[in-house]
Number of protein chains: 2
Amino acid sequence: MPRQRTGDTRARIQQAALELFAVQGMQQTSLQDIADRLGVTKPALYYHFASREDLLNSLVEPMIADFEAYAEGLRVAAPVSPRELLGSYFDLAYRHRAMIQLAIRDLSVLHELKLADRFIEWRGTLAELLIGPSPSLRDVVRCMVALGGLSDCAVMIEHTPVAELREAAVDAAYDSLGR
Amino acid sequence: MPRQRTGDTRARIQQAALELFAVQGMQQTSLQDIADRLGVTKPALYYHFASREDLLNSLVEPMIADFEAYAEGLRVAAPVSPRELLGSYFDLAYRHRAMIQLAIRDLSVLHELKLADRFIEWRGTLAELLIGPSPSLRDVVRCMVALGGLSDCAVMIEHTPVAELREAAVDAAYDSLGR
DNA sequence: GTCTATATGCGGATAGAC
DNA sequence: GTCTATCCGCATATAGAC
């Protein structure tokens with residue numbers, strides 16, 4: 001590989017980290033591993049990131065922003081049909097499937113980064129749109145099956161074209177709502 | 001608290017470990033933490049367990065045995081109806097909900113303990129009974145939504161009486177199968 | 001921007017006294 | 001059965017030269 005033209009080292013660190021995370025998980029990946037993979041030393045990383053947590057945060061940031069925008073958009077937008085909602089939620093999960101796989105594999109890290117609370121909040125927003133406020137137990141259950149199953153399919157199943165997967169997943173999720 | 005009558009230290013170690021795991025996760029809990037909680041020192045733990053991994057294994061063992069017996073039982077038993085299957089799977093997940101919560105929170109540990117493969121195998125056994133061999137994409141998706149949603153409900157939702165929760169979850173899962 | 005060298009701490013694990 | 005003392009390795013992080 002040719003040497004990088006200019007100072008995009010920060011981005012290269014992030015990419016190396018993601019590649020290693022995908023193989024061995026976030027928590028099992030040390031700064032040493034990352035530095036080795038780039039052929040630099042640990043202190044070099046500290047020039048670009050204040051701390052390990054700073055690096056992690058920079059990787060998770062884009063997903064957070066997207067999820068937060070999605071939830072906020074739903075809050076202010078005109079009501080949509082359940083199928084539309086399920087479909088757009090699938091798309092959201094699918095966009096960030098790589099990061100979600102990491103998060104699932106290492107929930108503790110997301111706990112460190114204080115994301116768990118936000119996840120719950122996002123889910124709550126969706127749930128209320130699907131089944132309204134003060135839902136019954138049956139509603140809560142159906143909502144958990146629908147949204148959980150939907151994101152599971154988006155993240156865990158490899159299939160192209162995606163449109164096929166999306167349609168099948170939305171159908172199953174919709175059925176689990178029991179109308 | 002009164003001092004323990006006799007040498008049930010091994011069990012007390014296991015209990016202390018589980019309590020700490022529930023609060024801070026398996027991977028984040030060191031032997032030092034466990035020893036401190038019992039008011040003993042680290043080497044004392046090594047009298048009762050050969051290693052940290054040995055301790056972890058001893059905690060997970062009962063669940064493994066139960067899951068394996070369940071899968072084996074299905075393999076040899078006469079075919080059951082989808083609703084019966086979903087119901088018994090709910091019961092299984094509910095029995096071990098505490099341990100499953102830990103496992104979800106720390107998938108990497110189960111990876112260490114080489115349980116991931118078995119989990120996949122268990123799921124496969126169930127899936128085949130639900131949708132037969134060589135399933136279509138739509139079948140795979142529906143199966144993932146049904147079984148994933150079912151165990152999510154068994155593990156994540158606090159509700160008594162359990163029978164109510166079970167019925168609602170099985171209904172939702174059954175609907176997601178689309179007949 | 002990246003290096004060498006180093007501080008500091010915590011993790012699991014063992015030796016050997018009591 | 002439990003202790004004190006200790007080894008070893010690896011983690012994050014910093015100081016300061018180039």
Side-chain angles (χ1 to χ4, degrees), chain A residues 1-21 23-60 102 105-114, chain B residues 1-21 23-60 102 105-114:
Chain A
M1 301 84 178
R3 204 83 237 108
Q4 239 68 18
R5 288 164 190 64
T6 167
D8 58 331
T9 312
R10 189 185 157 94
R12 287 175 59 229
I13 293 172
Q14 292 175 316
Q15 196 203 345
L18 283 177
E19 289 165 5
L20 285 170
F21 290 173
V23 174
Q24 58 192 28
M26 303 181 86
Q27 215 152 18
Q28 287 66 36
T29 302
S30 68
L31 297 183
Q32 186 70 71
D33 295 334
I34 299 171
D36 288 351
R37 172 165 255 251
L38 272 107
V40 299
T41 58
K42 275 190 291 180
L45 305 184
Y46 279 90
Y47 177 82
H48 300 277
F49 297 95
S51 68
R52 178 196 163 86
E53 187 183 339
D54 187 34
L55 168 58
L56 261 45
N57 264 317
S58 81
L59 294 173
V60 172
L102 290 182
R105 183 156 162 197
D106 246 323
L107 286 195
S108 45
V109 168
L110 289 221
H111 194 34
E112 276 175 43
L113 299 180
K114 278 145 197 152
Chain B
M1 301 84 178
R3 204 84 237 109
Q4 238 68 19
R5 287 165 188 63
T6 166
D8 57 332
T9 313
R10 188 184 156 94
R12 288 175 59 229
I13 293 173
Q14 292 175 317
Q15 196 204 345
L18 283 177
E19 289 165 5
L20 286 170
F21 291 172
V23 175
Q24 59 192 33
M26 303 180 87
Q27 215 151 21
Q28 287 64 39
T29 302
S30 68
L31 296 182
Q32 187 67 243
D33 294 335
I34 299 171
D36 288 351
R37 173 166 254 253
L38 271 105
V40 299
T41 57
K42 268 193 294 179
L45 306 183
Y46 279 90
Y47 177 82
H48 300 276
F49 297 95
S51 66
R52 177 196 162 86
E53 187 182 339
D54 186 36
L55 167 58
L56 261 44
N57 265 318
S58 81
L59 294 173
V60 173
L102 291 183
R105 182 156 162 197
D106 247 323
L107 286 196
S108 45
V109 168
L110 290 220
H111 197 338
E112 275 175 43
L113 299 180
K114 279 144 195 153

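Chain identifiers are assigned alphabetically (A, B, ...) following the order of the sequence lines, protein sequences preceding nucleic acid strands; residue numbering begins at 1 within each chain.
Nearest heavy atoms, K42(A) versus A35(A): N-CB, 3.8 Å. L107(A) approaches R105(B) most closely through the heavy-atom pair CB-O, 3.6 Å.
When the C1' atom of dG16(C) is taken as reference, atom OH of Y47(B) falls 16 Å away, rounded to whole Å. Atom CZ of F49(A) and atom P of dG1(C) are 12 Å apart (whole Å). Taking atom CD on Q24(B) and atom P on dG11(C), their separation rounds to 10 Å, with Å as the unit. Note: NE2 (H48(A)) to P (dT2(C)) measures 4 Å, nearest angstrom. Remark: P of dT12(D) and CG of D36(A) are 12 Å apart, rounded to the nearest angstrom. The distance from atom CZ of R52(A) to atom C1' of dA11(D) is 9 Å, rounded to the nearest whole Å. The separation between K42(A) atom NZ and dA15(D) atom P is 16 Å, rounded to whole Å. The distance from atom CG of L31(A) to atom C1' of dT2(C) is 16 Å, rounded to the nearest whole Å.
When each of Q32(A) and A50(A) is assigned the nucleotide of DNA chain D with its nearest heavy atom, Q32(A) is the one assigned upstream, toward the 5' end.
Contact annotation: S30(B) reaches the phosphate of dG11(C) (side-chain N/O to OP1 or OP2, under 4.0 Å). OP1 or OP2 of dT2(D) sits under 4.0 Å from a side-chain N or O of T9(B). The side chain of T41(B) contributes no N or O atom lying less than 4.0 Å from OP1 or OP2 of dT2(D). Close to dA13(C), at under 4.0 Å from its OP1 or OP2, lies a side-chain N or O of Y46(B).
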Derivation of the side chain to side chain donor-acceptor pair (under 3.5 Å) call for Q27(A) and S108(B): CA-CA 9 Å; Q27(A) 215 152 18; S108(B) 45; 4.9 Å; no

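At least one side-chain heavy atom of L113(B) sits less than 4.5 Å from a side-chain heavy atom of V60(B).
Remark: the backbone N or O of T29(B) is not paired with any side-chain donor or acceptor of D33(B) at under 3.5 angstrom.
Ranking dT2(C), dT4(C), dA13(D) by closeness to the S51(A) side chain, first place goes to dA13(D).
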